[in-house]
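Some notes on the structure that comes next.
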Amino acid sequence: FLDEPIGACVAWWWNNFYKRNRKTSDRILVFDLGGGTLDIAVADIYGETTPEITVLAARGISIAGDSLDLKLADYFESRLITEFAIDISVREDYPILRNLVIRASKKIKEALSVFQNAIYELEDPDYSYLPKIEISQTDLEMVYRPDLDRAINCVKLTIRETYLKNMNHNSEEMLVFAKTPIEEIAKDIHFVVLAGGMSQIPIIKEELRKILPNAISEHVTEAHEATE
């Protein structure tokens, strides 16, 4: 799973070292959240004509955009039941409806990366009679929270692993390390590189800022170019 984080490192180097003529070395955290996996890496990157990358620690989990699409679909179906007494799961054409709901979930997720609210509707004229439901960023954050907590925990573990490798591992030092706040441990990570379409969700940047308050967050793609 290192391929995608390294690709994000190279893209970040291209934009900063090469195009902007920034000639300094930096330690970065890569947060690469696509459709199928979340990949986290801490890396040192330097080089003036070609990037030299040293990955210090890396982790990955298989919870990302596809998982959120399914949870948003479940949320939409639950709203249909509670607000309109419509249970589409009992219908004979439910497999068709479920696919349409998941497709709509992807569009809602993308829209709420930019806007505060979006309308959940199925883009199929055969089902235009189903109610349209407004979804807010707050709703999205509520649905995503369990996966987000796992993602942030993965970030913290990756950061701790980075600095654990440089320790003597005696009991006293380990005790101090265990009690040290993650913000203090990560203070020399200067940039957070956000990659993958899912990384555009605003709450992700907010949660990462709590861990790395002094780091600069940068997307390796613009929002309209991000794809899963």
Side-chain angles (χ1 to χ4, degrees), residues 1 4 31-40 59-156 192 194-211 217 219-228:
F1 62 85
E4 291 184 357
F31 186 95
D32 190 344
L33 186 57
T37 61
L38 166 66
D39 298 315
I40 305 293
R59 285 176 177 262
I61 55 176
S62 57
I63 290 183
D66 295 344
S67 173
L68 179 56
D69 294 340
L70 296 177
K71 290 184 177 182
L72 280 171
D74 293 341
Y75 177 70
F76 174 71
E77 291 185 30
S78 70
R79 292 270 303 264
L80 285 177
I81 293 172
T82 56
E83 296 176 23
F84 302 97
I86 298 174
D87 186 355
I88 64 173
S89 67
V90 300
R91 297 172 50 125
E92 291 185 0
D93 57 352
Y94 179 63
I96 296 173
L97 273 167
R98 180 66 176 179
N99 286 332
L100 288 171
V101 171
I102 292 172
R103 190 184 308 169
S105 297
K106 294 179 182 293
K107 292 184 178 295
I108 280 286
K109 179 181 64 181
E110 294 167 2
L112 292 176
S113 297
V114 180
F115 304 107
Q116 291 291 325
N117 299 281
I119 301 298
Y120 214 124
E121 59 181 320
L122 306 188
E123 295 183 347
D124 188 311
D126 292 337
Y127 299 100
S128 59
Y129 60 86
L130 286 173
K132 299 176 182 178
I133 295 178
E134 184 175 64
I135 306 288
S136 68
Q137 279 191 2
T138 302
D139 296 326
L140 175 66
E141 292 167 8
M142 177 192 67
V143 173
Y144 183 48
R145 174 53 64 178
D147 285 355
L148 178 59
D149 288 343
R150 285 193 62 186
I152 295 302
N153 186 57
C154 186
V155 171
K156 292 178 179 178
V192 175
L194 300 166
M198 274 280 291
S199 69
Q200 305 285 345
I201 295 176
I203 189 64
I204 291 175
K205 185 180 289 187
E206 293 173 16
E207 291 295 320
L208 289 172
R209 190 177 295 117
K210 295 176 183 177
I211 303 172
S217 294
H219 289 277
V220 294
T221 58
E222 296 299 325
H224 68 278
E225 295 173 341
T227 56
E228 299 280 79

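In this chain, residues are counted from 1 in sequence order.
Counting all heavy atoms, side chain and backbone alike, Ser199 lies closest to Gly196 at OG-O, 2.7 Å. Cys154 and Gly60 get closest at one heavy-atom pair: SG-N, 4.5 Å. Nearest approach of Gly65 to Met198, heavy atoms of both residues: CA-CG, 3.4 Å.
Residues Gln200 and His219 have side chains in contact (heavy-atom distance under 4.5 Å, counting atoms from C-beta outward). Between Asp87 and Leu80, every side-chain heavy-atom pair lies at or beyond the 4.5 Å cut-off. Inter-residue side-chain proximity for Leu97 and Leu130 is flagged as met; some heavy-atom pair is nearer than 4.5 Å. When side chains are defined from C-beta on, Leu140 counts as touching Leu72, because their heavy atoms get closer than 4.5 Å. Contact check for Val101 versus Tyr120: side-chain heavy atoms found under the 4.5 Å cut-off. In this structure, Leu68 and Val143 have side chains that are in contact, with non-hydrogen atoms separated by less than 4.5 Å.
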Give the C-alpha distance, both sets of side-chain angles, the deciding distance and a yes or no for side-chain contact (heavy atoms from CB on, under 4.5 Å) between Lys109 and Ile135. CA-CA 10 Å; Lys109 179 181 64 181; Ile135 306 288; over 6 Å; no

Could you give me the CA-CA distance, side-chain angles and deciding distance for Asp69 and Lys107, then say whether salt bridge (charged side-chain N to carboxylate O under 4.0 Å, His left out) is met? CA-CA 9 Å; Asp69 294 340; Lys107 292 184 178 295; over 6 Å; no

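Atom OG1 in Thr37 sits 7.0 Å away from atom CG in Asp32 (nearest 0.5 Å). Separating the CG atom in Asn117 from the CG atom in Leu112 is a distance of 7.5 Å, to the nearest 0.5 Å. A distance of 10.0 Å separates OG in Ser136 from CD1 in Ile108, rounded to the nearest 0.5 Å. Between the CG atom in Leu194 and the CG atom in Leu208 there is a gap of 6.5 Å [rounded to 0.5 Å]. To the nearest 0.5 angstrom, Glu83 atom CD is 8.5 Å from Ser78 atom OG. Between atom CD1 of residue Ile203 and atom CE of residue Met142 there is a gap of 13.0 Å, rounded to the nearest 0.5 Å.
Atom CZ of Arg79 has more than 12 heavy atoms from other residues, nucleotides or ligands within 6.0 Å.
The ring-ring contact (aromatic ring centres under 6.0 Å, His included) search around Phe31 returns none, not counting sequence neighbours. For the salt bridge (Lys or Arg N to Asp or Glu O under 4.0 Å) test, residues two or more places apart in sequence or in another chain that qualify with Arg91 are Asp93. Partners of Glu121 by salt bridge (Lys or Arg N to Asp or Glu O under 4.0 Å), not counting sequence neighbours, listed by chain and number: Lys132. For Glu92, the salt bridge (Lys or Arg N to Asp or Glu O under 4.0 Å) criterion is met by no residue, not counting sequence neighbours. Not a single side-chain hydrogen bond (donor to acceptor under 3.5 Å, both in side chains) links Asn99 to another residue, sequence neighbours left out.
Here the side chain of Gln137 pairs a donor or acceptor atom with the backbone of Phe115 at under 3.5 angstrom.
Classification of Lys106 and Asp66 as a salt-bridged pair holds, one side-chain N sitting under 4.0 Å from a carboxylate O.
Counting only residues at least two apart or in different chains, salt bridge (Lys or Arg N to Asp or Glu O under 4.0 Å) contacts with residues 142-153 comprise Lys71-Asp147, Arg145-Asp149, Arg145-Glu207.
Ile204 pairs in a side chain to side chain contact (heavy atoms under 4.5 Å, CB included) with only one of the listed residues (Ile152, Leu33, Val192), which is Leu33.
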